[in-house]
There are 2 protein chains.
Amino acid sequence: MTKILLVEDNPEVRENMTEILELAGYEVFTAPNGKEGIDAAIREHPNLILCDIMMPVLDGYGVLHMVQKEAQLQSIPFIFLTAKSERNEIRKGMEAGADDYITKPFDSIELLNAIEMRLKKAELLKQPFQGNLEGVNELIAVSYGRDYLEELRKDRNINRYKKKQIIYSEGNHPSRIYYIQKGKVKTFKRNDDGKELIVGLYAEGDFLGYLPLMEGRTYRETAEAMEDVELSIIPRSEFEELIGSNPMVMKKFMTILARNIEEKAEQLLAVAYNSLRKKVADTLVTLNRKYNRDHDESFHIDLSRENLAAIAGVAKESLIRMLSELKEEHLINLEGRKIRILNYAKLEDMFN
Amino acid sequence: MTKILLVEDNPEVRENMTEILELAGYEVFTAPNGKEGIDAAIREHPNLILCDIMMPVLDGYGVLHMVQKEAQLQSIPFIFLTAKSERNEIRKGMEAGADDYITKPFDSIELLNAIEMRLKKAELLKQPFQGNLEGVNELIAVSYGRDYLEELRKDRNINRYKKKQIIYSEGNHPSRIYYIQKGKVKTFKRNDDGKELIVGLYAEGDFLGYLPLMEGRTYRETAEAMEDVELSIIPRSEFEELIGSNPMVMKKFMTILARNIEEKAEQLLAVAYNSLRKKVADTLVTLNRKYNRDHDESFHIDLSRENLAAIAGVAKESLIRMLSELKEEHLINLEGRKIRILNYAKLEDMFN
DNA sequence: CGGCGCATTGAAGGAGTTCAAGGTATGTGG
DNA sequence: CCACATACCTTGAACTCCTTCAATGCGCCG
């Protein structure tokens, strides 16, 4: 139920308006002065505040000021409601930060329309979460329009990296994010022994390196070009603008992050307890899912054995042996370094 | 630089205003009619739109309507700027969804004040990310005020679960999140062999089970009470309201998620390549960091060996043997099932 | 053609799991 | 309050799966 807080010192006006609002289906809370109004706002957290200006104890400007100072009340629409109808007064009210300013006397329909519109505008922030999202690209499309990606491609400095070149290193400070125009990038961590675990794979159209920027930390992993790569640079400020400007974008971004967590948890289970056999099979399945979205029959995985091993979290030699085994069983085919999956279903349900 | 789009058909007024705005330090784009105004808005993505009402081709209401329909433009403040000063006209403009309505003639100071206030309000959505956040609790505090937690404690249905009781299971559909009043909860996954890996530990004051709600999926893990537990239930709608109502809350929440990803990646590396010795030491260090925030000397870890093993991702017996070893080396002390850390520094830098 | 990088195969070794059995704490019912 | 059951902890010994080390093979490029 939508809650409205009415702050008004005149008891008659208050009751009259309460009636109108309740008839319109709102749940109404009232306060006879500014101070109690603030208390009620904090207590009830209404969806909208209607407030008189001239009141004892604390006037309407005071209420608005307080409301804007409290983080939890900032986003509540605030409408002044007053007999002061001179242009100056109106400007003063709006300049104080009200969302609307209605002068008495008013029609009830005027009041209700105003309320409805402000509620609607506030509602834009509150769409429920949306599932299904391919990549961060969508974000860009949503917030800047489709052309933005195209623009990126043209306008920006494009950085080129050779195969095996480091893009950023663990411990460095992030100042930008990267958008991959071309090529593949891996991000990895090393343990104390120098063994490499690949924690992320990125391809054309992916964004890279946004996590540390969001956390305000240094990079926790190293990014390296797996082939010759072209990256466009998006400066920190622009990224923040991108994320911060549109609540829908934020929601989508949060969904992506949430999914990422689930994936990592899944991988964690696999790495911890699964047999070599299953780890390798899972890796192949995951890579296929990731890079072969349209289920192309002729698709093959083309990564060095070393990298494959670092993704699966196993030794290179173990991986190779397991690939041979899987080939024996006609689940995959090895064509040079390239791997083609023959029996996807069996790989997926590989027992442990 | 702050970009302002001015849509106005009269060339004189347009140039005059442009000058004022540029003097005030804004970057100004102009359009002579509504249609071009829309195009410019999409192209430039301004921070604020000033718009006349009476214009050829497409009038101000039309522009506002279009702006509200485009997801990427919705959140841009929109100010009407017109000679129509009758009360009716003002109401009509505001009811159409404008954020302010300024009547000609106006002082330049009036105009600039109005612009500044609307920019400021819009800016509330765009604060940069903030680091440092203890838990989701903070979110609640920010958005609803401190008292909300207290309220939760009193008003809600409190569900009680006995030790070992399942709170939710993998595959089920989420319809609410949980807030832990009392007790400890673990979330875990099982691999095909039925081996358990603990992926999350939650204690008093933590929230539980929000990820699947955000992703719109089923639970990916099972939650079980580790001791007798009291939980309050927060329905889905309320959770969405909570997250959606305040952009600051969203930002903070995103930061939490980002951190969570980093942690999982870290754990992944550890589980994949580290020795039993290091896995156990890391687990002890992590648990200490998690549950002993104030570095209490007399703190001890009190978990079953089984659970400890499931956190570290090793066999129970292996864990026990390693604990004995660590005790021999005077790094920890075993007091019954309880574990006290004696040499935190050495545990932390345990070699592999 | 020789050197380099990567892939493959063989054999040895070891870290950690598993199975099995005994020990200790905790609680419950007579 | 004791006896007994149950759940949890600990230790021993065998085994296995995977890693590691080492040698060889293969293809590519200057």
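Please read all numbers here as calculations on a predicted model, not as lab measurements. Chain letters run A, B, ... following the sequence lines, proteins first and then strands; every chain starts at 1.
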Checklist entry - Do B:Phe253 and B:Tyr210 have ring centres separated by under 6.0 Å? => result yes

When the distance from [atom1] of [X] to [atom2] of [N] is rounded to whole Å, what number comes out?
X: B:Asn352; N: C:dG14; atom1: CG; atom2: C1'; result: 15 Å
X: B:Leu303; N: D:dC8; atom1: CG; atom2: P; result: 13 Å
X: A:Glu196; N: D:dT19; atom1: CD; atom2: P; result: 16 Å
X: A:Asn307; N: C:dG5; atom1: CG; atom2: P; result: 16 Å
X: B:Leu323; N: D:dT11; atom1: CG; atom2: C1'; result: 14 Å
X: B:Arg305; N: C:dT26; atom1: CZ; atom2: P; result: 12 Å
X: B:Ile320; N: C:dG22; atom1: CD1; atom2: P; result: 17 Å
X: A:Leu334; N: C:dT8; atom1: CG; atom2: C1'; result: 11 Å

Checklist entry - Per the side chain to side chain contact (heavy atoms under 4.5 Å, CB included) rule, which among B:Thr222, B:Leu211, B:Leu208 passes with B:Thr187? => result B:Leu208

Item to check | Audit row: A:Arg220, A:Thr218, side-chain contact (heavy atoms from CB on, under 4.5 Å) steps and yes/no | outcome: CA-CA 6 Å; A:Arg220 290 310 171 92; A:Thr218 55; 4.2 Å; yes

Checklist entry - With the threshold set at 4.0 Å, does a side-chain nitrogen-carboxylate oxygen contact exist between B:Glu348 and B:Arg289? => result yes

Item to check | Charged N-O contact under 4.0 Å between B:Arg160 and B:Glu230 | outcome: yes

Item to check | Annotated protein contacts, base or backbone, on nucleotides 15-21 of chain C with a non-hydrogen cut-off under 4.0 Å, one of B, S, - each | outcome: -SBBB--

Item to check | B:Glu196 and A:Tyr273 side chains, donor-acceptor separation under 3.5 Å | outcome: no

